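What follows is a single structure, written as structure tokens, with notes after it.
What you see is a predicted model, and the numbers here were worked out from it, not measured in a lab. The analysis underlying the following values was restricted to heavy atoms, covering all of them including side chains, and did not include hydrogens, waters or symmetry mates. We number each residue from 1, following the sequence as shown.
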Amino acid sequence: MASISFRDVTKMYEGAERPVVPNLNLEIADKEFIILVGPSGCGKSTTLRMIAGLESITSGELYIGDRLVNKVPPKDRDIAMVFQNYALYPHMSVYKNIAFGLTLRNVPKDEIDKRVHEAAKILDLEHLLERKPKALSGGQRQRVALGRAMVRNPAVFLLDEPLSNLDAKLRTSMRSEIARLHRRLDTTFVYVTHDQTEAMTMGDRIVVMKDGLIQQYDTPKVLYDTPCNLFVAGFIGSPQMNFLDVTIAAEGGKMFAILNDDKLLIPEPKHEALKPYIGKQVIMGLRPEDFCPLEELNEYNGISAKVDFCELLGAETNLYLYVGDKKVIVKMPSYVERPTTEYVKAPAEMKRSHFFDKDTELAICH
């Protein structure tokens, strides 16, 4: 069993004014694929390194399975770690790099050979076993690093931004390879990234972190559809959610979001949550894809905007607009004709709107 449990774990570096990870409580189930995501300096890599035993814990308890591992050295934790820079030995062949950890543990040679060839077959490295790392591409080197971790049959895989040194095309293919590897090995994966696209496409659940604190911990769909606060809403999704300051108004049994000279009709299911905010300013969020086709424009869903520029992305086009001084991105299919005028009315899909408290930045309703 390879569940992982953080119980009131704090990490404080000597001389620092505040903890890099304060009072972390996190439960990772056996065989889950968990993604730790957040901006640089949010504490995600430190959290991973505490699991590995590469960072000591200042206070609290860390369990792997039923075992308290605070004082257990890395080599005895039954974990394997894959680093951002691959950490391959340049003078060794691919075979020897993959076999290195087993050789140190005095595993019999025939068992080493069996495990190396099994891993090489899974990772499509069989034809490269005699090559040195300098003769490999970035993707091949990353697969060697994965192979070196695999042959140890660890209870937990730890991956620290393993794809950040690869180009965009390789990152896409390696994402699917790692996800497939998790299904095949059926063990616990903890994966650190700052790339929310990786997080959304690979993880069973995602831990969104900021300043060492967990903001939200849930499935990719829940995070995307119902972010708990403004930070998660802005961090998850690419391009990120658009945020606009609106005033909530009630009139004739209906509720509106007033945005400059536009009145946007708020769907009835959101009314109860927004009642305390009538007459007050809140932040309305709309994802770039949450706009209607132009032919669905009506008097209560149009947002007046100035056209900045269009960005053609093949199947899609990002339309950059200004609503007052706020930049807004609208994502639309490329077959839709681009605006030919300087000013447009962008029809908002208000049933997909999100509202956030301006002071607390917490979600009001979705």
Side-chain angles (χ1 to χ4, degrees), residues 1-9 21 23-38 42-55 57 60-70 72 74 77-84 119 122-123 142 145-146 149-163 174-210 212-228 232 235-236:
M1 182 173 173
S3 60
I4 299 169
S5 178
F6 286 86
R7 301 179 188 177
D8 299 319
V9 168
V21 176
N23 200 42
L24 177 65
N25 287 282
L26 176 63
E27 299 290 333
I28 299 172
D30 183 33
K31 300 178 183 179
E32 266 197 306
F33 195 140
I34 294 300
I35 307 281
L36 304 178
V37 69
C42 72
K44 56 189 184 295
S45 288
T46 301
T47 300
L48 193 80
R49 289 171 67 83
M50 285 192 286
I51 300 173
L54 301 176
E55 294 282 2
I57 291 171
E61 295 178 334
L62 172 61
Y63 288 84
I64 297 179
D66 297 326
R67 185 168 62 141
L68 179 66
V69 297
N70 288 42
V72 176
R77 294 194 179 197
D78 199 14
I79 57 97
M81 191 159 179
V82 179
F83 295 93
Q84 178 180 351
I122 291 169
L123 296 168
Q142 191 55 269
L146 286 168
M150 279 174 58
V151 293
R152 293 176 50 197
N153 297 325
V156 179
F157 268 81
L158 305 176
L159 300 100
D160 191 4
E161 304 211 30
L163 308 185
M174 284 300 297
R175 281 203 304 264
S176 59
E177 283 194 39
I178 291 173
R180 192 162 51 244
L181 186 62
H182 172 253
R183 291 194 298 271
R184 185 158 185 165
L185 299 179
D186 200 26
T187 190
T188 307
F189 274 46
V190 185
Y191 186 108
V192 161
T193 182
H194 64 273
D195 184 334
Q196 55 84 33
T197 302
E198 285 181 25
M200 291 293 291
T201 55
M202 296 173 70
D204 296 325
R205 288 193 291 168
I206 301 171
V207 182
V208 183
M209 299 183 72
K210 178 189 177 189
L213 298 171
I214 294 175
Q215 303 295 302
Q216 193 169 357
Y217 179 27
D218 220 313
T219 64
K221 181 169 175 54
V222 169
L223 289 180
Y224 194 79
D225 291 340
T226 56
C228 70
V232 176
F235 194 83
I236 297 294

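Sorted by first and then second residue, the salt bridge (charged side-chain N to carboxylate O under 4.0 Å, His left out) pairs involving residues 187-197 (not counting sequence neighbours) form an empty list. Sorted by first and then second residue, the side-chain hydrogen bond (donor to acceptor under 3.5 Å, both in side chains) pairs with a member in residues 183-193 read K31-D186, Y191-E198, T193-E198; sequence neighbours excluded.
Taking the ring-ring contact (aromatic ring centres under 6.0 Å, His included) definition, one finds that H194 meets it with nothing, sequence neighbours left out. Here R152 pairs with nothing under the salt bridge (charged side-chain N to carboxylate O under 4.0 Å, His left out) rule; sequence neighbours left out. Legend: residues meeting salt bridge (charged side-chain N to carboxylate O under 4.0 Å, His left out) with E161, ordered by chain and number and at least two apart, are absent. Considering only residues two or more places apart in sequence or on other chains, R49 meets the salt bridge (charged side-chain N to carboxylate O under 4.0 Å, His left out) condition with E55. Every residue two or more places apart in sequence or in another chain was checked for a side chain to side chain donor-acceptor pair (under 3.5 Å) with N153, and none qualifies. Take F235 and apply the ring-ring contact (aromatic ring centres under 6.0 Å, His included) test, not counting sequence neighbours, and it matches F231. With sequence neighbours excluded, the residues that form a side chain to side chain donor-acceptor pair (under 3.5 Å) with D160 are S45. In this structure D225 satisfies the side chain to side chain donor-acceptor pair (under 3.5 Å) test together with K221, sequence neighbours excluded. Applying the side chain to side chain donor-acceptor pair (under 3.5 Å) rule to Q196 yields no partners; only residues at least two apart in sequence or on another chain are considered.
A distance-only check finds no donor-acceptor pair linking the side chain of K44 to the backbone of V192 [under 3.5 Å]. With hydrogens and angles ignored, the 3.5 Å screen pairs a side-chain donor or acceptor of R77 with a backbone N or O of V69.
Residues V222 and R205 fail the side-chain proximity criterion, which asks for heavy atoms closer than 4.5 Å. Side-chain contact between V207 and T47 is absent, with no heavy atoms from C-beta onward closer than 4.5 Å. The shortest distance between side-chain heavy atoms of I35 and M200 does not fall below 4.5 Å.
Nearest approach of F6 to I4, heavy atoms of both residues: CE1-CG2, 4.0 Å. Closest approach of I178 to P162, counting heavy atoms only: CD1-CG, 4.4 Å. Taking every heavy atom of both residues into account, A52 and P74 meet most closely at O-CB, 3.3 Å. Nearest heavy-atom pair, E27 versus S5, reported as atom, atom and distance to 0.1 Å: OE2-OG, 2.7 Å.
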### Query
Given M209 and Q215, is the side-chain contact (heavy atoms from CB on, under 4.5 Å) satisfied, shown in steps?
CA-CA 6 Å; M209 299 183 72; Q215 303 295 302; over 6 Å; no
#### Entry: Verdict with reasoning, V72 to R67, per side-chain contact (heavy atoms from CB on, under 4.5 Å)
CA-CA 9 Å; V72 176; R67 185 168 62 141; 3.9 Å; yes
### Message
Pair R7, L62 - check side-chain contact (heavy atoms from CB on, under 4.5 Å), show working.
### Response
CA-CA 6 Å; R7 301 179 188 177; L62 172 61; over 6 Å; no
### Task
Start with the C-alpha gap between E32 and V190, add the side-chain angles, then the distance that decides, and say whether side-chain contact (heavy atoms from CB on, under 4.5 Å) holds.
CA-CA 8 Å; E32 266 197 306; V190 185; over 6 Å; no
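Each of N25, L36, L223, I28 was checked for a side-chain contact (heavy atoms from CB on, under 4.5 Å) with Y217, and the lone residue meeting it is I28.
Between F33 and F189, the two ring planes are tilted [angle within 30° to 60°].
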